[in-house]
Engineer: 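Structure incoming, see below.
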Amino acid sequence: MIAKTFPRGGSEIPHRKEATEHKPIVTLAPPQFVVIPLRQHIGAPCKPLVAVGDYVKMGQKIGDTDQFVSAPVHASVSGTVTAIEERVLLNGSKCLAVVIENDGKDERHVYPTKPVDKMSAESIRQAVREAGIVGMGGAGFPTHIKLNPPKPVDTVIINGAECEPYLTCDHRLMVEQAEALVEGTKAIMKAVGAERGILGIEANKPDAIEAVRDMIGDAPSLSVTVLQVRYPQGAEKQLIKAAVNREVPSGKLPAEVGCVVSNVHTAISIYEALTKGIASYERVVTVSGGAVVDPRNVRVRIGTPLQALLDFCGGTLGEPAVIVGGGPMTGPPVASLEAPVVKNLSGILALTAEEVGFDENRPCIRCARCVNVCPMGLTPNMLGALSHHGRFSQAASIGLMDCIECGLCSFACPSKRALVTWIKEGKAGWQAERAAAQAAK
Amino acid sequence: MENLRLIVTPSPHVRDKDTTPNIMFAVLISLIPVAAASLYFFGFNALRLILLGGAAAVATEAIFQKVRGRQITISDGSALVTGVLLALSVPPTLPSWMIIVGSVVAIAIGKQVFGGLGHNIFNPALVGRAFLVASFAQPMTTWTGPFDTVTRATPLVVGAARSSLPDLFFGSVPGSLGETSVLAILLGGIYLFYKGIIDYRITLGVLGSAAVMSFLTGANPVFELFSGSLLFAAVFMATDMVTSPYTPKGRWIFGIGVGFLIMLIRTWGSLPEGVTYAILIMNAVTPLINRWTRPRIYGQGVHKS
């Protein structure tokens with residue numbers, strides 16, 4: 001069988017997953033203090049539901065809001081709330097967070113459950129919301145909203161591409177928790193009313209493909225689609241094109257073409273929430289990179305300091321050139337190792353200077369590599385230059401807002417120009433410009 | 001560990017290994033077969049012109065940047081590429097001072113006045129060459145045969161009937177330094193294609209449209225492609241990244257346009273060879289080609305429910 005892929009652009013990039021792809025997930029004991037930020041998702045921050053001095057159980061909801069786009073947060077240990085204060089996040093910004101002193105008892109707060117086949121779509125969404133589940137691949141979009149698509153959906157696609165270099169947490173989860181993945185997929189299908197589920201997995205994970213296929217058995221509504229190893233195969237629009245050959249119109253959601261896409265880890269968390277009443281208070285994080293002594297896939301409580309996670313993997317060798325939160329192509333740089341693990345953090349990568357491959361910036365020589373690799377058919381050289389010079393409306397007229405920020409243009413550029421960075425700035429600039437124009441009316 | 005300094009740079013945090021100097025270096029490598037062929041056929045003259053052309057180009061770039069108070073970037077290799085390309089496109093008997101003047105013009109007027117690497121509209125080597133042809137028409141169109149110093153007409157002037165195909169293929173014909181040997185040019189071209197530096201669309205566009213044009217005008221396509229500087233230009237000159245389109249469709253249009261103009265000038269122009277002007281004209285319309293041939297953006301023009 002020929003692996004499927006998207007038709008335009010893309011590139012084979014070094015995947016560097018050898019260090020962790022065959023290492024079983026190991027569990028990191030929870031730390032003495034956890035820091036639970038009240039915003040770990042796209043949307044409105046939560047308000048604390050607890051006060052300093054309160055005793056909380058593991059899994060207990062400690063922050064929520066009545067805003068539509070948001071997701072509640074939960075205690076990841078049992079113990080006493082010692083502070084509710086601003087704490088630093090991975091990217092260096094600050095966020096109100098609940099600090100809990102762990103009593104080491106892991107006393108669980110369990111949510112009532114009901115067999116999934118007896119649940120209505122609405123009750124699944126409600127349970128997913130109460131469990132605080134957000135997109136765990138990196139985006140952090142509240143899952144219960146995704147499970148309520150604005151248009152009829154016939155296909156659920158599970159994103160097992162994991163096309164970012166280094167990351168292997170989804171890979172290991174597919175191998176080790178295939179049953180939870182398949183059952184979670186069925187629950188998503190039920191919530192959105194889709195008749196088929198496709199699990200898209202890149203061809204470089206044969207053990208995951210086999211494990212998921214075995215678990216599916218002869219279930220007629222489910223299938224595995226083997227995807228070509230090609231970045232950004234796991235980008236939503238590219239994945240949909242590869243799996244079902246549908247093209248999401250510019251500026252629209254996957255539901256426009258009858259699809260809902262969910263990440264592997266998210267689907268598994270949905271299963272855990274629905275069948276075991278477990279809220280989203282832990283996740284698997286890949287700790288890797290050439291500067292990490294003992295790279296691993298680690299199951300870790302939300303709120304664990306990044307430093308503890310790195311130390312668990314032997315710490316770093318020498319001085320890493322950069323520490324990344326998530327994958328190296330799209331993940332933000334880590335500004336502080338005091339920052340806690342959050343729900344959408346898929347990896348912590350300590351990269352050596354050699355891995356980063358730094359070289360000085362040079363002028364564009366119009367080699368067109370960025371144009372050739374752009375999976376969206378854009379001209380990143382032009383978008384980058386226009387954005388960099390503040391010509392946002394002109395950039396917008398040639399597709400600025402269609403950029404999916406996969407970073408492949410910057411990766412491919414032989415002059416090491418910060419194309420995707422300028423494009424991101426351009427998008428923000430264009431939105432600000434439009435908002436200002438709107439306000440002036 | 002507590003004192004770990006964290007460097008905050010935007011993603012992506014991994015980069016392709018290829019760099020602009022690497023690309024320029026690879027172009028120089030690709031010129032080894034043609035340079036070797038020119039040394040074999042034209043001896044010391046080839047060595048003299050290549051060294052002077054290259055050195056003058058690099059020196060001009062350094063002086064220009066120094067005078068303008070800019071960072072000196074000769075180590076990126078681009079000036080050397082321009083100087084060597086120019087030298088390989090002139091006749092073996094060209095006086096030394098003329099190649100130096102050509103290189104100075106190529107870098108100063110062809111490249112630096114536009115802002116240096118990446119900002120020039122016209123292929124710098126061809127700007128230098130056009131300047132030399134316009135200023136020193138006779139020395140720029142006087143060719144000696146290989147292994148001797150007797151002035152001879154090139155195959156393009158003599159015509160197809162009097163040139164043997166094996167001579168054209170191996171390069172044992174009068175002509176500019178690097179342009180006579182089809183074999184050497186192909187070797188360099190294959191290397192550049194393998195390294196992903198030249199786009200087959202441009203090269204095939206030039207060769208294809210020139211072949212069709214020569215067929216239509218009753219000329220011998222194989223002879224037209226193998227003689228003069230057409231093949232050299234299709235591989236090394238028209239494919240210059242900076243001055244050719246960056247869109248896939250645009251590169252076809254560019255290549256086809258170059259081939260068409262070459263044959264137009266060869267057939268009906270007053271010059272025996274039209275490669276330089278054909279490429280310079282297409283360089284001029286490259287920004288427009290880019291604008292007209294932007295790829296279709298994913299998700300645009302899709303109508304669904």
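Every heavy atom of this structure was used, including side-chain atoms; hydrogens, water molecules and symmetry mates were not. Within every chain, numbering begins at 1; the chains are lettered A, B, ... in the order of the sequence lines, protein sequences first and strands thereafter.
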Engineer: Who among A:Ala368, A:Gly407, A:Pro333 has the most heavy-atom pairs with chain B under 4.5 Å?
Structural biologist: A:Pro333
Engineer: Can A:Lys416 and B:Asp16 be counted as an ion pair, charged N to O under 4.0 angstrom?
Structural biologist: no
Engineer: So which residue, A:Thr330, A:Ile13, A:Asn91, ends up with the most heavy-atom pairs under 4.5 Å with chain B?
Structural biologist: A:Thr330
Engineer: Is a donor on one side and an acceptor on the other found under 3.5 Å between the side chain of B:Thr203 and the backbone of B:Ala234?
Structural biologist: yes
Engineer: For B:Ile297, is it the side chain, the backbone, both or neither that has a heavy atom under 4.5 Å from a heavy atom of chain A?
Structural biologist: both
Engineer: Does A:Glu338, at its CD atom, have more than 12 non-hydrogen atoms belonging to other residues, nucleotides or ligands within less than 6.0 Å?
Structural biologist: no
Engineer: Looking at chain B, which one of A:Pro328, A:Cys413, A:Pro363 has the largest number of heavy-atom pairs inside 4.5 Å, strictly under?
Structural biologist: A:Pro328
Engineer: Among the options B:Arg15, B:Lys17, B:Arg294, pick out the one with the most heavy-atom pairs lying under 4.5 Å from chain A.
Structural biologist: B:Arg15
Engineer: At a 4.5 Å cut-off on heavy atoms, which part of A:Asn381 comes close to chain B: side chain, backbone, both, or neither?
Structural biologist: side chain
Engineer: Determine whether a donor-acceptor pair (N or O, by modelled atom type, separation under 3.5 Å) exists between the side chain of B:Tyr298 and the backbone of A:Leu378.
Structural biologist: no
Engineer: Measure A:Leu349 against the heavy atoms of chain B and call it side chain, backbone, both or neither at under 4.5 Å.
Structural biologist: neither
Engineer: Measure A:Cys364 against the heavy atoms of chain B and call it side chain, backbone, both or neither at under 4.5 Å.
Structural biologist: backbone
Engineer: Under a 3.5 Å threshold, yes or no: a donor from one side chain and an acceptor from the other, between B:Asp76 and B:Thr20?
Structural biologist: no
Engineer: Report the option among A:Gly399, A:Ala350, A:Ala418, A:Ala335 that has the most heavy-atom pairs separated by less than 4.5 Å from atoms of chain B.
Structural biologist: A:Ala335
Engineer: With a 4.5 angstrom heavy-atom cut-off, is it the side chain or the backbone of A:Ser11 that approaches chain B, or both, or neither?
Structural biologist: neither
Engineer: Salt bridge check, A:Arg362 against A:Glu360: does any charged N sit closer than 4.0 Å to a carboxylate O?
Structural biologist: yes
Engineer: I'd like to check the ring-ring contact (aromatic ring centres under 6.0 Å, His included) partners of A:His15; sequence neighbours left out, ordered by chain and number.
Structural biologist: none
Engineer: Does A:Lys424 have more than 12 heavy atoms from other residues, nucleotides or ligands lying within 6.0 Å of its NZ?
Structural biologist: yes
Engineer: So which part of A:Val248 gets closer than 4.5 Å to some heavy atom of chain B, the side chain, the backbone, both or neither?
Structural biologist: both
Engineer: Does any part of the side chain of B:Phe236, heavy atoms only, come nearer than 4.5 Å to the side chain of B:Ser30, both counted from C-beta?
Structural biologist: yes
Engineer: Most heavy-atom pairs under 4.5 angstrom with chain B, which of A:Asp402, A:Asn372, A:Val371, A:Ile365?
Structural biologist: A:Ile365
Engineer: Name the region of A:Val334, side chain, backbone, both or neither, that has any atom closer than 4.5 Å to a heavy atom of chain B.
Structural biologist: both
Engineer: Would you say CZ of B:Phe25 has more than 12 non-hydrogen atoms from neighbouring residues, nucleotides or ligands within 6.0 angstrom?
Structural biologist: no
Engineer: Which bit of A:Ala412 is near chain B, if near means a heavy-atom gap under 4.5 Å: side chain, backbone, both or neither?
Structural biologist: backbone
Engineer: I want to check a possible cation-pi pair here: A:Arg230 against A:Phe6, using under 6.0 Å from ring centre and within 45° of the ring axis as the test.
Structural biologist: yes
Engineer: If I measure from the heavy atoms of chain B, does A:Glu405 come under 4.5 Å with its side chain, its backbone, both, or neither?
Structural biologist: neither
Engineer: Only pairs of heavy atoms separated by less than 4.5 Å count here; which of A:Cys406, A:Ser415, A:Pro7 has the most with chain B?
Structural biologist: A:Ser415
Engineer: Would you please say whether a donor-acceptor pair under 3.5 Å links the side chains of B:Asp240 and B:Thr243?
Structural biologist: yes
Engineer: Looking at B:Arg291, I want to see if its CZ is surrounded by more than 12 non-hydrogen atoms of other residues, nucleotides or ligands under 6.0 Å.
Structural biologist: no
Engineer: Between B:Glu61 and B:Lys111, is the closest basic N to carboxylate O distance under 4.0 Å?
Structural biologist: yes
Engineer: Check each atom of A:Thr421 against the heavy atoms of chain B and say whether the ones under 4.5 Å are side chain, backbone, both or neither.
Structural biologist: side chain
Engineer: Determine which residues belonging to residues 120-130 of chain B lie within contact range of chain A, meaning some heavy atom pair is under 4.5 Å apart, and list them by number or answer 'none'.
Structural biologist: B:Asn120
